[in-house]
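Just so we're on the same page: letters track the sequence lines, and every chain starts at 1.
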Number of protein chains: 2
Amino acid sequence: MVRFHSRSGQNFFRTVTPVTEKRRSLPLLGEPPVERRDAARNRIAILEATRRLIDRDGIDAVTMEAVATEANVGKGTVFRRFESRQGLMAALLDHSEMAWQGAVLFGPPPLGPDGDPLERLLAFGPSRLETTLSNLDLIRHATAGRGGRSRPPYVFAVMHVRHLLQEIGVRGDLPLLATAIMAPFEVHILEQQTRVDGVTTARINAGWTDLVRRIVRD
Amino acid sequence: MVRFHSRSGQNFFRTVTPVTEKRRSLPLLGEPPVERRDAARNRIAILEATRRLIDRDGIDAVTMEAVATEANVGKGTVFRRFESRQGLMAALLDHSEMAWQGAVLFGPPPLGPDGDPLERLLAFGPSRLETTLSNLDLIRHATAGRGGRSRPPYVFAVMHVRHLLQEIGVRGDLPLLATAIMAPFEVHILEQQTRVDGVTTARINAGWTDLVRRIVRD
DNA sequence: GCCAAAACGGACCATGGTCCGATTTCATTC
DNA sequence: GAATGAAATCGGACCATGGTCCGTTTTGGC
């Protein structure tokens, strides 16, 4: 099974744009404006502070004010950088999601490319389930509230599955089938199953594999 | 197609316990305590006020304070009766959900009993989709926030599907298969499909039917 | 060193939710 | 059928937290 870590070290938030290199006088069109140094410093401080708070006191203790204080920053700054509490959580999530996407897109088989499509698909589920479960709280807080923004990881996963289905040669409404395949991994459902019904991870995986086999067979 | 109305008339909230009839001196064990008359009056007033506010100004305008004012009641009362904003929405939802459950359990075929199990299952999806879509806002606001309580309608739907699968003679992990079949009707997913991807209801239904056929065939 | 643009940060607002003294209800008693 | 009192209910003041606003400070190209 492919491994990837969601919480690596301490300095795991890197500036997106290294500010040490000389900046172009005229920013190219469509290029995001370079992040000012204080802004970058604060962004990182905020993310690290949030991570620290979650690890120490649980996600419910993460109030925006607490984050601001812990990061030695004003409340307004937190909101300017991350829009909302939801946005802050999403930013934190991005980190492990990116790692996972990397494994899917560029990692070794069976998950990564160069593998049999069906094998890839069957490896995809457990892998996705693992990341999802280990980030349940974060995902819930990153999607709850206001219209439940379309979560990029979800979109990515569905597109990827759709692609695999196509390679496998499945026929039908692929986007919808892909959605159906990923649907059992929705937060609400997983929470119900794991926290209420006491379904084990192994069983969820087995069930999912069975589901895929039923959908794919011709 | 079976029809049922979610918003019938004006006086559609009835007291659970008619208080006109003489009350037993000693309440039977396990029987819920009789609702005091003022309590009943207020409960109904609150529900009707909420409905009115939603219809008039949209669900986002429904603040607990606004509800209290509209119902001529104190804010504390609203919270005592419905626990939370979420609870209030859930109570409102219950109304149309009950009607739907009635249609499923006691209505005419193909949805109700006395039908071929597979027919029932295939009728179940579109029916469920219809109720869900016409209550999207309510459902979202009734489940969002705090740990996303296990929504009774969801539990009911899954159990029912599980039962139908059994009657059809499908073999495998029925609870999980049932969950998988209902999963594409999760709020988040439907919102993404209808509001972002522009998928039509007809297409969702077609896709769902296809899904069920793939799962059920042996 | 200058200056415009960007970022900062804390006071302020809105709303969900809690609390507790005042009020209402209703079975019992006379 | 009026008085009584305990239990339930009421309701608004109060609190916590997400989110906004805008005057002040910092940044970094010139």
Side-chain angles (χ1 to χ4, degrees), chain A residues 15 17-27 32-46 49-50 53 57-90 141-142 144-147, chain B residues 15 17-27 32-46 49-50 53 57-90 141-142 144-147:
Chain A
T15 44
T17 314
V19 203
T20 45
E21 77 184 37
K22 200 66 183 162
R23 182 210 293 189
R24 263 180 302 276
S25 300
L26 291 180
V34 178
E35 192 178 34
R36 243 171 63 171
R37 203 177 285 147
D38 52 348
R41 178 171 21 86
N42 282 347
R43 178 172 52 75
I44 295 173
I46 292 170
T50 308
L53 283 179
D57 307 325
I59 203 162
D60 282 329
V62 180
T63 61
M64 297 305 262
E65 194 121 342
V67 168
T69 305
E70 177 83 19
N72 278 311
V73 134
K75 199 176 165 188
T77 301
V78 181
F79 276 95
R80 191 166 347 87
R81 298 311 305 245
F82 298 97
E83 286 278 289
S84 61
R85 192 191 136 96
Q86 203 177 128
L88 176 57
M89 299 304 181
H141 282 85
R146 305 247 134 268
Chain B
T15 44
T17 316
V19 201
T20 45
E21 78 184 36
K22 199 65 185 166
R23 182 211 293 189
R24 264 180 301 278
S25 299
L26 291 179
V34 178
E35 191 178 33
R36 245 171 61 169
R37 202 177 285 146
D38 52 347
R41 177 169 26 82
N42 283 348
R43 179 172 50 76
I44 295 172
I46 291 170
T50 308
L53 283 179
D57 308 325
I59 203 161
D60 283 329
V62 180
T63 62
M64 297 306 261
E65 194 121 342
V67 169
T69 304
E70 177 83 19
N72 278 312
V73 134
K75 198 176 163 188
T77 302
V78 181
F79 277 95
R80 191 167 344 86
R81 298 311 305 248
F82 298 97
E83 286 277 292
S84 61
R85 192 190 135 97
Q86 202 177 130
L88 176 57
M89 299 304 180
H141 282 85
R146 305 248 132 269

Inset, instruction - Calculate the interatomic distance between D57(B) atom CG and dT15(C) atom P; express it in whole Å. - result: 13 Å
Inset, instruction - Using a 4.5 Å cut-off on heavy atoms from C-beta on, say whether the side chain of F82(A) contacts that of M89(A). - result: no
Taking N or O atoms only and anything under 3.5 Å, show me the protein contacts with nucleotides 6-10 of chain C, one pair per line.
unit_1, atom_1, unit_2, atom_2, d
dA6(C), N3, R36(A), NH1, 3.0
dA7(C), O4', R36(A), NH2, 3.4
dC8(C), OP1, D38(A), O, 3.3
dC8(C), OP1, N42(A), ND2, 2.4
dC8(C), OP2, R80(A), NH1, 3.0
dG9(C), OP2, G74(A), N, 3.1
dG9(C), OP2, T77(A), OG1, 3.4
dG9(C), N7, R80(A), NH2, 3.3
dG10(C), O6, G76(A), N, 3.4

Legend entry - Value in whole Å for how far the C1' atom of dG19(D) lies from CD of E83(A): 11 Å
Inset, instruction - Using whole Å, report how far CG of L88(B) lies from P of dT15(C). - result: 16 Å
Inset, instruction - Please state how far atom CE in M64(B) lies from atom P in dT18(C), giving the value in whole angstrom units. - result: 10 Å
Legend entry - Interatomic distance, M89(A) CE vs dG18(D) C1' [rounded to whole Å]: 12 Å
Legend entry - Check: V73(B) main-chain N/O paired with T77(B) side-chain donor or acceptor under 3.5 Å: no
Inset, instruction - Taking all heavy atoms of A142(B) and all of A90(B), pick out the closest pair and write down the distance. - result: CB-N, 3.7 Å
Legend entry - Test item: V78(B) and R85(B) side chains (from C-beta on) under 4.5 Å apart, heavy atoms: no
Legend entry - Side-chain N or O of R37(A) closer than 4.0 Å to phosphate OP1/OP2 of dG28(D): yes
Legend entry - Interatomic distance where CD belongs to E70(B) and C1' belongs to dG11(D) [whole Å]: 18 Å
Legend entry - Smallest separation among heavy atoms of A40(A) and R81(A), with atom names: N-NH1, 4.3 Å
Inset, instruction - Could you pull out the closest heavy-atom pair between A61(B) and A66(B), with the gap in Å? - result: O-CB, 4.1 Å
Legend entry - Rounded interatomic separation in angstrom, taking CZ from R85(B) and C1' from dG18(D): 14 Å
Legend entry - Euclidean distance, atom CZ of residue F79(B) to atom C1' of dA13(D) [Å, nearest integer]: 14 Å
